[in-house]
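The chains referred to below are lettered A, B, ... by the order of the sequence lines, with proteins before strands, and numbering in each begins at 1.
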There are 2 protein chains.
Amino acid sequence: MQQPAPAPKPLRADAARNRDKLLVAATEVFGERGLDAPLEEIARRAGVSIGTLYNHFPTREAFWDAIFPERLAALEQVTETALAAPDAWDGFVAFVEGLFALQAEDRGLNDALAQRFRAAGEVEQACHRGFRHAERIIRRARDSGQLRPDFEPQDLVTLIWAMSQVIRESMEAAPDQWRRCLAFFLDGLRTGAAHPLPVAPLTQGQLSEVMRSR
Amino acid sequence: MQQPAPAPKPLRADAARNRDKLLVAATEVFGERGLDAPLEEIARRAGVSIGTLYNHFPTREAFWDAIFPERLAALEQVTETALAAPDAWDGFVAFVEGLFALQAEDRGLNDALAQRFRAAGEVEQACHRGFRHAERIIRRARDSGQLRPDFEPQDLVTLIWAMSQVIRESMEAAPDQWRRCLAFFLDGLRTGAAHPLPVAPLTQGQLSEVMRSR
DNA sequence: GGATAACTTGAGGTATCCCTCAACTTATGC
DNA sequence: GCATAAGTTGAGGGATACCTCAAGTTATCC
């Protein structure tokens, strides 16, 4: 029923070793320098020629497909913990804190979630699933009366944009600052803090346009 | 007492014309594409060779020094309006809204204020002055009891990082979204909304380190 | 150990952007 | 008008990064 891979094709021993070295290097390099890091740096750090890199990963995106599922699994862990929290607000807070903590650990993930790079394939799938789960966390917190009722799931996207920049800029000099910024933001998301909003949330169309570009 | 310019040197008529065309083009190009726009695009749009561009503006920063003082004057206008507001909180809100509205109009200014590029010379001076004024606006709003007392002037820097990314990402598809995001944030900055913060504000040292890098 | 398919290599072509400078053009003052 | 200083030009050299492919190397199977 699932037809997993058309032709798994076992790799030759040396090729498998090189693939692994490339993946390790790519994880490091993307994590440190972001998703636009030069591929040649990855090849160099893996101790492999640029040709071999392209042999195993014909595009930059192929790396992402190989790297991010694991990272996004960590995110799913965060999601589950959040949904399991006895208090809905605490769950919501745990979710965003966990999410941003992951982004703060990995510049590549930060770039990916901030939509600074067009996700495709596996990564896009996982993002969709993640967003679906986030919706549940948001609705639950709203229904409990603690998260302000006009905070829509789309607003999470905006929040991620905002925090991703704070994380990026303060990463070296003050790696915890994003928590302070988030705390301000969260204080504005409590029902008791809510004042009328001046602008409607992103529409579905705007959302996908925003995702499409770049 | 002031010794304004060591040698003003009147330009030849055609040179002055070219300089103007370059400034107009640079304002457009930086405004549309950000501070890392290719200089060759500016020369092209000015209808002038790349050599002439370098003749008038030997570095990218020279353009900024020529362009931004005017833009930053608009910011000073915003500042004054904010300080003149009868209500201190309204003044604070007017200040941040005015600031981000300017950033939303001009990708270059957005880049500059988000510290995405090392400012130097005139621009840096103007930023310092602007920050000094912002401090007064913040203190005034705190003293009035409306802005939460633990919001420090340094936190404005973080807020600017956050909003600059939101502005950049939503610029085309939903150019007003930043106002919604800011509204959430502002609701968290009212005294009534305040909960204890988990992290201390940026120290002076961290602040200047952050400014130094990139 | 040899044949063969699998894999690796890295020089080199493309592209973009930076910046310079020797040769040319033109405004200006006499 | 003409001499000259002022200004303009754009080819070209330097960097960086992308990606390809013909030639060379190596694991694997018998």
Quiz item: Does A:His56 have a side-chain nitrogen or oxygen under 4.0 Å from the phosphate oxygens OP1 or OP2 of C:dC7?
Solution: no
Quiz item: How long is the line joining CG of A:Leu22 and P of C:dC7, in whole Å?
Solution: 14 Å
Exercise. Write down the atom of A:Trp89, the atom of A:Leu186, and the distance for their closest heavy-atom approach.
Key: CH2-O, 3.6 Å
Quiz prompt | Atom-to-atom span, CG of A:Leu11 to C1' of D:dT28 - whole angstrom | solution = 14 Å
Quiz item: Short question: side chain of B:Glu80, backbone of B:Gln77 - any donor-acceptor pair under 3.5 Å?
Solution: no
Exercise. Among the candidates C:dA11, D:dG10, C:dC7, find the nucleotide nearest to the side-chain atoms of A:Ile50.
Key: C:dA11
Quiz item: At under 4.0 Å between heavy atoms, what does B:Asn55 touch on the DNA or RNA strands: base, sugar-phosphate, or nothing?
Solution: base
Practice problem: Have a look at B:Leu39 and say if it touches a base, only the backbone sugar-phosphate, or nothing, with a 4.0 Å heavy-atom cut-off. | Solution: sugar-phosphate
Quiz item: Do side-chain atoms of A:Thr52 reach the backbone of A:Val48 as a donor and acceptor pair under 3.5 angstrom?
Solution: no
Self-check item: Check: A:Ala37 main-chain N/O paired with A:Arg60 side-chain donor or acceptor under 3.5 Å
Solution: yes
Practice problem: Look at the side-chain N and O atoms of A:Ser49 and state whether any lies under 4.0 Å from the OP1 or OP2 oxygen of C:dT8. | Solution: no
Quiz prompt | Between P of C:dC18 and CD of B:Glu61, the distance in whole Å | solution = 11 Å
Quiz prompt | Phosphate OP1/OP2 of C:dT8: any A:Asn18 side-chain N/O under 4.0 Å | solution = yes
Quiz item: Would you call the rings of A:Phe57 and A:Phe63 parallel, tilted or perpendicular if under 30° counts as parallel and over 60° as perpendicular?
Solution: parallel
Quiz item: Using a cut-off of 4.0 Å on non-hydrogen atoms, how would the nucleic acid contact of A:Arg60 be classed: base, sugar-phosphate, or nothing?
Solution: sugar-phosphate
Quiz item: What's the CG-P distance between B:Leu53 and D:dG7, to the nearest Å?
Solution: 15 Å
Quiz item: Are A:Glu28 and A:Arg45 close enough for a salt bridge, meaning some N to O gap below 4.0 Å?
Solution: yes
Quiz prompt | Residue closer to the 5' end of DNA chain C, B:Ala13 versus A:Arg19 (nearest nucleotide) | solution = A:Arg19
Quiz item: Which one, D:dG7, C:dA27, C:dC7, comes nearest to the side chain of A:Arg12?
Solution: C:dC7
Quiz item: A:Asp20 CG to C:dT8 C1': how many Å, rounded?
Solution: 16 Å
Self-check item: Whole-Å distance separating the CD1 atom of B:Ile42 from the C1' atom of C:dC17
Solution: 13 Å
Exercise. Please report, rounded to the nearest Å, how far the P atom of D:dG7 is from the CZ atom of B:Arg17.
Key: 12 Å
Practice problem: Side chain of A:Pro38 only, please: which of C:dG10, D:dC18, C:dC18 is the nearest? | Solution: D:dC18
Exercise. With the side chain of A:Ala15 defined as its heavy atoms from C-beta on, choose the nearest nucleotide among D:dG7, C:dC7, D:dC18.
Key: C:dC7
Quiz prompt | Rounded distance in Å - CD (B:Glu40) to C1' (C:dT20) | solution = 12 Å
Practice problem: By nearest nucleotide on DNA chain D, pick out whichever of A:Thr59 and B:Gly47 is the more 5' one. | Solution: B:Gly47
Self-check item: Out of C:dA27, D:dC18, C:dT20, whichever nucleotide has its closest atom nearest the side chain of B:Tyr54
Solution: C:dT20
